[in-house]
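Worksheet for the structure shown next.
Below, chains carry the letters A, B, ... as their sequence lines are ordered, and counting in each starts from 1. For the numbers below, each heavy atom of this structure counts, side chains included, while hydrogens, waters and symmetry mates do not.
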Amino acid sequence: MVDHPPATLATPQPATSPGATVTLATWNVNSIRARLDSVVRWLQSNPVDLLCLQETKVTDEQFPLEPWENLGYQIYCYGQKSYNGVALVSRSPLTDVSYGFGGVLDPAIVGDLDQQKRLITAQLQGIRVVNVYVPNGSSPDSEKYTYKMSWLATLKTYLETLQQRGEEIHICGDFNVALDDRDIYNPQGKQNHIMATPEERQALQEVLALGLADAFRKFTPDGGHFSWWDYRAGSFARNRGWRIDHHYLSQGLYDRALACKIDAEPRSWPQPSDHTPVVLTLGC
DNA sequence: ATGGCACATCGAATGTGA
């Protein structure tokens, strides 16, 4: 990961919009239909500009639309039956929306990686927002793990292509990788555990080597902060979690980051997702 | 070390997740 140094001088605010911010959140909801009431409730008290959803588990035709219109949001979705699926929930119209790797990359490079709907991107206020649901990988000796590694390698090529257009990049989502040991409640002996192998971490680091840095770590260097807790064994009550949902920023956006916070509250609600939202605030 | 819980597809039991 590129470790963008903190700006040593305060960045002047544009005279036209003093103090203005843009807020972007990521949340793996583990089925948008099962979580609809919770997401609406959260948006009512957290009216972010853009909410990036993962694991919507629904086709675009069956994606529930009515609640968002009432809230003043619009939906851009890219889903499939039963598994995977991503969506952008936005207060303002998005531009240059594109679906899957194939929206940017040559089909020969994409291969079969778009059969699972895991990536959607758009422009918001000059920011290239990329919303991803990285494959879980199951276990290091499985075919799904090989798929995960291919997916991450292709993600690097994808972001490189966007960078060559001169775009400032914000990529967020469920990465299914704990970047270092601070991101796991008990990291010892996890080198063969999915989401924590050196190979997975290296693959993500190679993506970040394009010039992306972890927005959360700009503000919070210590461990013990998690975005996912297993449903089983009372993991949330015991705070036995992992930080696998991330916001990564190119240099120009990293300098503008004002806050990046995990909101653990929805994890305590009835019938929760096993993930909770992570909210990024950028100065304008 | 293992299992544990939740969701979708279905109309029971299984695949998947992390």
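- There is no side-chain donor-acceptor pair under 3.5 Å between A:Asp96 and A:Gln123.
- A:Trp242 and A:Asp230 are not linked by any side-chain donor-acceptor pair at a separation below 3.5 angstrom, with hydrogens and angles left out of the test.
- Put simply, OH on A:Tyr185 is 11 Å from C1' on B:dA18, counting in whole angstrom units.
- Residue contacts shown for A:Tyr133 are limited to sugar-phosphate atoms, with no base heavy atom under 4.0 Å away.
- When the nucleotides B:dA18, B:dG3, B:dC7 are ranked by their closest atom to the side chain of A:Asn136, B:dA18 comes out on top.
- Per the geometry, CG belonging to A:Asn84 stands 13 Å off P belonging to B:dA8, to the nearest Å.
- Projected onto DNA chain B by closest heavy-atom contact, A:Arg118 and A:Gln62 fall at different nucleotides, the more 5' of which corresponds to A:Gln62.
- Here the nucleotide nearest the side chain of A:His275, chosen from B:dA18, B:dT9, B:dG3, is B:dA18.
- Annotation: cation-pi geometry satisfied between A:Lys218 and A:Tyr254 (NZ/CZ under 6.0 angstrom from ring centroid, within 45° of ring axis).
- Of the candidates B:dA6, B:dA18, B:dT16, B:dT16 carries the atom nearest the A:Tyr83 side chain, counting heavy atoms from C-beta on.
- Rounded to whole Å, the distance from OH on A:Tyr231 to C1' on B:dA6 is 5 Å.
- In the set B:dC10, B:dG17, B:dC7, B:dC7 carries the atom at the smallest distance from any side-chain atom of A:Ala34.
- In this structure, A:Lys144 atom NZ and B:dG15 atom C1' are separated by 7 Å, rounded to whole Å.
- Taking only side-chain nitrogens and oxygens, A:Arg35 never comes nearer than 4.0 Å to OP1 or OP2 of B:dA6.
- Residue A:Asn28 is classed as a sugar-phosphate contact, given heavy-atom separations below 4.0 Å to backbone atoms only.
- Counting to the nearest Å, the P atom of B:dG15 and the CD atom of A:Glu143 are 15 Å from each other.
- Computed from coordinates, the A:Leu53 CG to B:dC7 C1' distance equals 16 Å when rounded to whole Å.
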I'd like to know whether A:Arg128 forms a salt bridge (charged side-chain N to carboxylate O under 4.0 Å, His left out) with A:Glu168, so could you lay out the CA-CA distance, the side-chain angles of the two residues, the decisive distance to 0.1 Å, and finally the verdict.
CA-CA 6 Å; A:Arg128 166 58 63 185; A:Glu168 289 281 356; over 6 Å; no
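- A:Asn186 has its CG atom 14 Å from the C1' atom of B:dA1, to the nearest Å.
- Annotation: B:dA18 and B:dT14 have their P atoms spaced 22 Å apart (nearest Å).
- For the residue pair A:Asp49 and A:Thr23, a side-chain donor N or O sits within less than 3.5 Å of a side-chain acceptor on the partner.
- Heavy-atom nearest nucleotides on DNA chain B were determined for A:Ile244 and for A:Lys81, and the one closer to the 5' end corresponds to A:Lys81.
- Atom CH2 of A:Trp242 is separated from atom P of B:dA18 by 12 Å (rounded to the nearest Å).
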